Amino acid sequence: MIDFFKRGKADEGAAALGTATLALEAGAVLAPACVGVLCDATGATRRIEPGARIKPGAGERAICFHPGPYRFELAPFAGAPEIGLRLLYAVGAADPRVAQQRFDLYLASEAQLPLAAVDFGRAMETAVRRELEQGNLTLPPCTTLEEWHLFRAGLNQLLYTRFGVMVDDCIPVDLGESVDYAQLLLARAECAPPVLAQAAVLPASDALALRRLFLELPGLMGALRQVVLAPGLFGQHQALLQRLDLACLSVGTMPALELAAPGQPLAPLQQQRRTRHSVRASAALDEAWALLARLNRAAPDQLAALLDDADRIAANLELDLAARRTCYGEAA
(Lines give C-alpha, C1' and ligand atoms only; values in the text may rest on other atoms or scores of the structure.)
Protein backbone atom coordinates (compact mmCIF):
# COMPACT_ATOMS: atom_id res chain seq x y z
CA MET A 1 0.00 0.00 0.00
CA ILE A 2 1.30 3.44 -0.89
CA ASP A 3 1.75 5.86 1.96
CA PHE A 4 0.72 9.21 0.51
CA PHE A 5 1.78 11.02 3.68
CA LYS A 6 5.37 9.82 3.66
CA ARG A 7 7.91 12.23 2.20
CA GLY A 8 10.22 10.79 -0.42
CA LYS A 9 13.98 11.16 -0.32
CA ALA A 10 13.89 13.65 -3.18
CA ASP A 11 11.40 15.80 -1.30
CA GLU A 12 13.51 15.64 1.85
CA GLY A 13 16.61 16.66 -0.12
CA ALA A 14 14.80 19.57 -1.76
CA ALA A 15 13.53 20.74 1.63
CA ALA A 16 17.13 20.85 2.90
CA LEU A 17 18.35 23.07 0.04
CA GLY A 18 19.80 26.26 1.46
CA THR A 19 20.56 24.67 4.84
CA ALA A 20 22.13 21.19 4.98
CA THR A 21 22.22 20.69 1.21
CA LEU A 22 23.79 23.04 -1.30
CA ALA A 23 22.97 21.31 -4.62
CA LEU A 24 21.17 18.25 -5.96
CA GLU A 25 19.64 16.78 -9.09
CA ALA A 26 16.86 19.07 -10.29
CA GLY A 27 13.21 18.24 -10.78
CA ALA A 28 10.88 19.59 -13.46
CA VAL A 29 10.42 23.05 -11.93
CA LEU A 30 12.89 25.11 -9.94
CA ALA A 31 11.96 26.39 -6.52
CA PRO A 32 11.69 30.21 -6.43
CA ALA A 33 14.89 30.62 -4.39
CA CYS A 34 17.00 28.11 -6.37
CA VAL A 35 19.09 28.37 -9.53
CA GLY A 36 19.27 25.64 -12.16
CA VAL A 37 22.33 24.50 -14.07
CA LEU A 38 22.18 22.32 -17.17
CA CYS A 39 25.47 20.61 -18.06
CA ASP A 40 26.33 18.23 -20.89
CA ALA A 41 29.01 15.59 -21.28
CA THR A 42 31.57 18.14 -22.50
CA GLY A 43 31.19 20.24 -19.34
CA ALA A 44 29.37 23.11 -21.06
CA THR A 45 26.83 24.66 -18.68
CA ARG A 46 23.92 27.07 -18.85
CA ARG A 47 21.84 28.53 -16.05
CA ILE A 48 18.09 28.45 -15.55
CA GLU A 49 16.47 31.27 -13.61
CA PRO A 50 14.58 30.59 -10.35
CA GLY A 51 10.97 29.49 -10.82
CA ALA A 52 11.47 28.44 -14.45
CA ARG A 53 10.57 25.06 -15.93
CA ILE A 54 13.59 22.86 -16.68
CA LYS A 55 13.87 21.45 -20.21
CA PRO A 56 17.16 19.56 -20.54
CA GLY A 57 18.52 18.97 -24.01
CA ALA A 58 19.88 15.67 -25.28
CA GLY A 59 22.57 14.39 -22.91
CA GLU A 60 22.18 17.25 -20.44
CA ARG A 61 21.97 16.80 -16.68
CA ALA A 62 19.88 19.18 -14.59
CA ILE A 63 21.19 20.42 -11.24
CA CYS A 64 19.70 22.96 -8.90
CA PHE A 65 21.45 24.84 -6.12
CA HIS A 66 20.50 27.35 -3.47
CA PRO A 67 22.81 30.40 -3.48
CA GLY A 68 22.72 30.71 0.31
CA PRO A 69 23.96 32.32 2.45
CA TYR A 70 25.65 29.46 4.32
CA ARG A 71 27.73 29.32 7.46
CA PHE A 72 30.68 27.02 7.99
CA GLU A 73 33.34 26.83 10.68
CA LEU A 74 36.64 25.64 9.25
CA ALA A 75 39.89 24.81 11.01
CA PRO A 76 42.67 26.42 8.92
CA PHE A 77 45.47 24.53 10.69
CA ALA A 78 45.33 20.74 10.87
CA GLY A 79 47.64 20.73 13.89
CA ALA A 80 45.50 23.20 15.82
CA PRO A 81 41.85 22.09 15.44
CA GLU A 82 40.74 24.47 18.18
CA ILE A 83 41.55 27.51 15.99
CA GLY A 84 38.63 28.22 13.72
CA LEU A 85 37.24 30.64 11.17
CA ARG A 86 33.51 31.13 10.84
CA LEU A 87 32.69 31.78 7.18
CA LEU A 88 29.48 33.34 5.97
CA TYR A 89 29.41 32.83 2.22
CA ALA A 90 27.09 32.60 -0.77
CA VAL A 91 27.36 31.33 -4.32
CA GLY A 92 28.34 34.26 -6.51
CA ALA A 93 25.80 35.81 -8.86
CA ALA A 94 26.28 35.19 -12.57
CA ASP A 95 29.19 37.17 -14.01
CA PRO A 96 28.23 38.43 -17.50
CA ARG A 97 31.90 38.80 -18.44
CA VAL A 98 32.55 35.05 -18.56
CA ALA A 99 30.98 32.30 -20.65
CA GLN A 100 30.86 29.81 -17.78
CA GLN A 101 30.41 30.53 -14.09
CA ARG A 102 33.08 29.02 -11.83
CA PHE A 103 30.59 27.38 -9.46
CA ASP A 104 28.80 25.82 -12.44
CA LEU A 105 32.10 24.29 -13.57
CA TYR A 106 32.61 22.94 -10.05
CA LEU A 107 29.19 21.26 -10.19
CA ALA A 108 29.91 19.79 -13.62
CA SER A 109 33.42 18.54 -12.93
CA GLU A 110 33.84 17.42 -9.33
CA ALA A 111 30.73 17.82 -7.15
CA GLN A 112 29.13 14.61 -5.89
CA LEU A 113 25.35 15.06 -5.78
CA PRO A 114 23.57 15.67 -3.55
CA LEU A 115 26.20 18.16 -2.42
CA ALA A 116 26.03 18.57 1.35
CA ALA A 117 26.96 22.00 2.68
CA VAL A 118 29.37 20.38 5.16
CA ASP A 119 31.19 18.51 2.35
CA PHE A 120 31.53 21.72 0.37
CA GLY A 121 32.85 23.40 3.49
CA ARG A 122 35.48 20.67 3.90
CA ALA A 123 36.60 21.24 0.31
CA MET A 124 37.07 24.94 1.05
CA GLU A 125 38.91 24.05 4.27
CA THR A 126 41.32 21.83 2.31
CA ALA A 127 42.03 24.63 -0.17
CA VAL A 128 42.69 27.16 2.59
CA ARG A 129 44.94 24.75 4.50
CA ARG A 130 47.02 24.06 1.40
CA GLU A 131 47.61 27.76 0.76
CA LEU A 132 48.57 28.34 4.39
CA GLU A 133 50.94 25.35 4.41
CA GLN A 134 52.66 26.61 1.26
CA GLY A 135 52.98 30.13 2.64
CA ASN A 136 50.76 31.69 -0.03
CA LEU A 137 48.38 32.82 2.72
CA THR A 138 49.60 33.90 6.15
CA LEU A 139 47.67 33.97 9.41
CA PRO A 140 50.31 34.45 12.14
CA PRO A 141 49.66 34.40 15.90
CA CYS A 142 48.54 37.76 17.30
CA THR A 143 47.57 38.85 13.79
CA THR A 144 47.61 42.60 13.31
CA LEU A 145 44.76 44.41 11.59
CA GLU A 146 46.86 44.92 8.45
CA GLU A 147 47.82 41.23 8.37
CA TRP A 148 44.17 40.27 8.84
CA HIS A 149 43.09 42.44 5.90
CA LEU A 150 45.78 40.84 3.71
CA PHE A 151 44.62 37.37 4.74
CA ARG A 152 40.98 38.25 4.08
CA ALA A 153 41.81 39.57 0.61
CA GLY A 154 43.68 36.36 -0.22
CA LEU A 155 40.94 34.15 1.25
CA ASN A 156 38.20 35.98 -0.65
CA GLN A 157 40.05 35.70 -3.96
CA LEU A 158 40.99 32.05 -3.40
CA LEU A 159 37.46 30.88 -2.66
CA TYR A 160 35.98 32.92 -5.51
CA THR A 161 38.53 31.66 -8.04
CA ARG A 162 38.53 28.04 -6.86
CA PHE A 163 34.82 27.57 -6.07
CA GLY A 164 32.92 30.61 -7.32
CA VAL A 165 31.66 31.68 -3.89
CA MET A 166 31.61 35.11 -2.28
CA VAL A 167 32.74 35.41 1.35
CA ASP A 168 30.45 37.87 3.11
CA ASP A 169 32.15 37.62 6.50
CA CYS A 170 34.97 35.77 8.23
CA ILE A 171 35.29 35.75 12.03
CA PRO A 172 37.93 34.01 14.19
CA VAL A 173 36.28 31.54 16.60
CA ASP A 174 37.40 29.12 19.29
CA LEU A 175 36.42 25.57 18.32
CA GLY A 176 37.97 23.97 21.41
CA GLU A 177 34.68 22.99 23.01
CA SER A 178 33.47 21.24 19.85
CA VAL A 179 36.69 19.29 19.14
CA ASP A 180 36.86 15.70 20.34
CA TYR A 181 40.62 15.36 20.83
CA ALA A 182 40.38 11.72 21.90
CA GLN A 183 38.56 10.87 18.69
CA LEU A 184 41.15 12.76 16.64
CA LEU A 185 44.01 10.82 18.25
CA LEU A 186 42.14 7.56 17.78
CA ALA A 187 41.57 8.32 14.12
CA ARG A 188 45.28 9.00 13.62
CA ALA A 189 46.28 5.80 15.43
CA GLU A 190 43.82 3.72 13.42
CA CYS A 191 44.50 5.42 10.13
CA ALA A 192 43.19 3.24 7.32
CA PRO A 193 45.33 2.35 4.28
CA PRO A 194 45.24 4.91 1.49
CA VAL A 195 42.12 4.79 -0.62
CA LEU A 196 44.13 4.20 -3.76
CA ALA A 197 45.35 0.89 -2.32
CA GLN A 198 41.80 -0.46 -2.59
CA ALA A 199 41.28 -1.89 -6.06
CA ALA A 200 37.51 -1.42 -5.94
CA VAL A 201 37.76 2.38 -6.00
CA LEU A 202 40.55 2.73 -8.58
CA PRO A 203 38.30 3.26 -11.62
CA ALA A 204 36.17 5.87 -9.83
CA SER A 205 39.20 7.80 -8.49
CA ASP A 206 40.95 7.75 -11.86
CA ALA A 207 37.81 8.73 -13.77
CA LEU A 208 37.02 11.62 -11.42
CA ALA A 209 40.57 12.99 -11.67
CA LEU A 210 40.64 12.74 -15.47
CA ARG A 211 37.16 14.27 -15.75
CA ARG A 212 38.27 17.25 -13.67
CA LEU A 213 41.35 17.72 -15.84
CA PHE A 214 39.37 17.37 -19.06
CA LEU A 215 36.71 19.88 -18.02
CA GLU A 216 38.70 22.36 -15.93
CA LEU A 217 41.94 22.81 -17.88
CA PRO A 218 40.23 24.74 -20.72
CA GLY A 219 38.49 26.98 -18.17
CA LEU A 220 41.77 27.57 -16.35
CA MET A 221 43.51 28.48 -19.61
CA GLY A 222 40.74 30.92 -20.50
CA ALA A 223 41.11 32.64 -17.13
CA LEU A 224 44.91 32.77 -17.46
CA ARG A 225 44.61 34.44 -20.86
CA GLN A 226 42.76 37.33 -19.20
CA VAL A 227 45.53 38.06 -16.69
CA VAL A 228 47.15 41.40 -17.50
CA LEU A 229 50.95 41.13 -17.49
CA ALA A 230 53.85 43.42 -18.31
CA PRO A 231 55.13 43.23 -21.94
CA GLY A 232 58.35 41.60 -20.77
CA LEU A 233 56.41 38.60 -19.45
CA PHE A 234 54.43 38.02 -22.65
CA GLY A 235 56.70 35.25 -23.95
CA GLN A 236 56.68 33.32 -20.68
CA HIS A 237 52.91 33.73 -20.47
CA GLN A 238 52.39 32.38 -23.99
CA ALA A 239 54.75 29.46 -23.38
CA LEU A 240 52.77 28.54 -20.27
CA LEU A 241 49.50 28.57 -22.22
CA GLN A 242 51.03 26.38 -24.93
CA ARG A 243 52.14 23.84 -22.32
CA LEU A 244 48.66 23.75 -20.82
CA ASP A 245 47.18 23.33 -24.29
CA LEU A 246 49.36 20.26 -24.81
CA ALA A 247 48.27 18.99 -21.38
CA CYS A 248 44.64 19.29 -22.51
CA LEU A 249 45.49 17.20 -25.57
CA SER A 250 47.22 14.61 -23.40
CA VAL A 251 44.21 14.32 -21.08
CA GLY A 252 41.83 13.94 -24.02
CA THR A 253 43.82 11.00 -25.41
CA MET A 254 44.57 9.11 -22.20
CA PRO A 255 44.57 5.28 -22.40
CA ALA A 256 41.97 3.34 -20.44
CA LEU A 257 42.95 2.56 -16.87
CA GLU A 258 42.65 -1.22 -17.21
CA LEU A 259 44.43 -1.65 -20.56
CA ALA A 260 48.15 -1.71 -21.33
CA ALA A 261 47.33 -1.98 -25.05
CA PRO A 262 44.21 -2.86 -27.06
CA GLY A 263 43.08 -6.26 -25.80
CA GLN A 264 45.93 -6.45 -23.26
CA PRO A 265 44.89 -6.01 -19.60
CA LEU A 266 47.01 -3.98 -17.22
CA ALA A 267 48.14 -5.48 -13.90
CA PRO A 268 46.32 -4.19 -10.77
CA LEU A 269 49.53 -2.70 -9.35
CA GLN A 270 50.06 -0.69 -12.51
CA GLN A 271 46.43 0.45 -12.42
CA GLN A 272 47.04 1.70 -8.89
CA ARG A 273 50.11 3.61 -10.06
CA ARG A 274 48.22 5.10 -12.98
CA THR A 275 45.48 6.25 -10.64
CA ARG A 276 48.03 7.78 -8.27
CA HIS A 277 49.44 9.85 -11.11
CA SER A 278 46.02 11.04 -12.32
CA VAL A 279 45.13 12.09 -8.76
CA ARG A 280 48.47 13.92 -8.46
CA ALA A 281 47.73 15.70 -11.72
CA SER A 282 44.38 16.86 -10.33
CA ALA A 283 46.23 18.13 -7.24
CA ALA A 284 48.44 20.20 -9.57
CA LEU A 285 45.20 21.54 -11.06
CA ASP A 286 44.12 22.68 -7.58
CA GLU A 287 47.45 24.47 -7.19
CA ALA A 288 46.94 26.15 -10.55
CA TRP A 289 43.53 27.54 -9.52
CA ALA A 290 45.06 28.87 -6.32
CA LEU A 291 47.91 30.44 -8.31
CA LEU A 292 45.35 32.12 -10.56
CA ALA A 293 43.79 33.66 -7.46
CA ARG A 294 47.18 35.08 -6.46
CA LEU A 295 47.79 36.40 -9.98
CA ASN A 296 44.47 38.23 -9.92
CA ARG A 297 45.44 40.19 -6.80
CA ALA A 298 49.21 40.45 -7.26
CA ALA A 299 51.19 43.67 -7.52
CA PRO A 300 53.08 44.17 -10.82
CA ASP A 301 56.44 43.42 -9.20
CA GLN A 302 55.14 40.02 -8.00
CA LEU A 303 54.01 38.68 -11.37
CA ALA A 304 57.39 37.36 -12.55
CA ALA A 305 57.82 35.21 -9.44
CA LEU A 306 54.26 33.92 -9.76
CA LEU A 307 54.86 32.91 -13.37
CA ASP A 308 57.94 31.00 -12.23
CA ASP A 309 55.68 29.16 -9.78
CA ALA A 310 53.29 28.51 -12.65
CA ASP A 311 56.16 26.85 -14.55
CA ARG A 312 56.73 24.55 -11.57
CA ILE A 313 53.05 23.59 -11.42
CA ALA A 314 52.95 23.00 -15.17
CA ALA A 315 56.05 20.78 -14.92
CA ASN A 316 54.42 18.67 -12.18
CA LEU A 317 51.27 18.40 -14.25
CA GLU A 318 53.21 17.33 -17.35
CA LEU A 319 55.21 14.78 -15.34
CA ASP A 320 52.14 13.08 -13.87
CA LEU A 321 50.22 13.09 -17.13
CA ALA A 322 53.17 11.45 -18.89
CA ALA A 323 53.48 8.88 -16.09
CA ARG A 324 49.72 8.19 -16.22
CA ARG A 325 50.09 7.42 -19.93
CA THR A 326 53.20 5.19 -19.78
CA CYS A 327 53.16 3.67 -16.29
CA TYR A 328 54.23 0.13 -17.15
CA GLY A 329 57.60 -0.29 -15.43
CA GLU A 330 58.32 -1.47 -11.89
CA ALA A 331 59.00 2.04 -10.61
CA ALA A 332 56.67 5.00 -10.73
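All values derive from a computational prediction rather than experimental measurement.
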- Message: Running the 4.5 Å side-chain criterion over Ile, Leu, Val, Met, Phe, Trp and Tyr, what cluster does Tyr160 land in, apart from itself?
- Response: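 Met166, all in the cluster of Tyr160.
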Does [X] come within less than 4.0 Å of [Y], counting only side-chain N to carboxylate O?
| X | Y | value |
| --- | --- | --- |
| Glu287 | Arg130 | no |
| Arg274 | Asp206 | no |
| Asp119 | Arg122 | no |

- Task: Check the pair Thr45, Ile63 against side-chain contact (heavy atoms from CB on, under 4.5 Å), reporting the backbone distance first and the verdict last.
- Result: CA-CA 10 Å; Thr45 60; Ile63 305 172; over 6 Å; no
- Query: How long is the gap from CD1 on Ile83 to CG on Asp174, to the nearest 0.5 Å?
  - Reply: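 One gets 9.0 Å once the value is rounded to the nearest 0.5 Å.
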- To the nearest 0.5 Å, tell me how far Leu132 CG sits from Leu155 CG.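 Leu132 atom CG to Leu155 atom CG measures 9.0 Å (nearest 0.5 Å).
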- Item | side chain to side chain contact (heavy atoms under 4.5 Å, CB included) partner of Leu137, the single match among Arg294, Glu131, Gln157 |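 The passing option is Glu131.
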For the backbone of [Y] and the side chain of [X], can you confirm whether one donor and one acceptor N or O come within less than 3.5 Å of each other?
| X | Y | value |
| --- | --- | --- |
| Arg86 | Asp169 | no |
| Ser205 | Leu202 | no |
| His237 | Leu224 | yes |

- Message: Determine whether Thr138 and Leu150 satisfy the following criterion, side-chain contact (heavy atoms from CB on, under 4.5 Å), listing intermediate values before the conclusion.
- Response: CA-CA 8 Å; Thr138 56; Leu150 287 174; 5.9 Å; no
Is it true that [X] and [Y] fall in one hydrophobic cluster, defined by side-chain heavy atoms closer than 4.5 Å?
| X | Y | answer |
| --- | --- | --- |
| Leu158 | Ile313 | no |
| Leu244 | Leu105 | yes |
| Phe65 | Val118 | yes |
| Val98 | Leu159 | no |
| Leu246 | Leu307 | no |

- Side chains of Arg325 and Thr253: do they bring a donor and an acceptor to under 3.5 Å?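 Yes, because at least one side-chain N or O of Arg325 sits under 3.5 Å from a partner of the opposite role on Thr253.
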- Query: Taking atom types as modelled and ignoring hydrogens, do the side chains of Gln236 and Asp311 form a donor-acceptor contact shorter than 3.5 angstrom?
  - Reply: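 Per modelled atom types, Gln236 and Asp311 side chains form a pair under 3.5 Å.
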What heavy-atom pair brings [X] and [Y] nearest, and what distance separates the two atoms?
| X | Y | value |
| --- | --- | --- |
| Ala108 | Gly43 | CB-O, 4.3 Å |
| Arg47 | Ala93 | NH1-C, 4.3 Å |
| Leu85 | Val173 | N-CG2, 4.0 Å |
| Cys64 | Leu17 | SG-CD1, 3.7 Å |

- Going through the distances and angles, do Val91 and Tyr106 end up as a side-chain contact (heavy atoms from CB on, under 4.5 Å)? CA-CA 11 Å; Val91 178; Tyr106 175 83; over 6 Å; no
- Item | By side-chain hydrogen bond (donor to acceptor under 3.5 Å, both in side chains) - contacts of Gln302 (at least two apart) |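 Here no residue qualifies.
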- Item | side-chain hydrogen bond (donor to acceptor under 3.5 Å, both in side chains) against Glu258, all qualifying residues, sequence neighbours excluded |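 If we apply the side-chain hydrogen bond (donor to acceptor under 3.5 Å, both in side chains) test to Glu258, skipping adjacent residues, there are no hits.
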- What orientation do Tyr70 and His66 show, parallel under 30°, tilted 30 to 60°, or perpendicular over 60°?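 It falls in the perpendicular class, over 60°.
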- Please work out which of the three classes, parallel, tilted or perpendicular, describes the rings of Phe120 and Tyr89, given edges at 30° and 60°.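 Geometry flag for Phe120 against Tyr89: tilted rings.
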- Task: May I have the step-by-step check of side-chain contact (heavy atoms from CB on, under 4.5 Å) for Asp104 and Cys39, ending in yes or no?
- Result: CA-CA 8 Å; Asp104 298 359; Cys39 58; over 6 Å; no
- Item | Phe72 atom CZ, neighbour heavy-atom count above 12 within 6.0 Å |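 Result for CZ/Phe72: enclosed.
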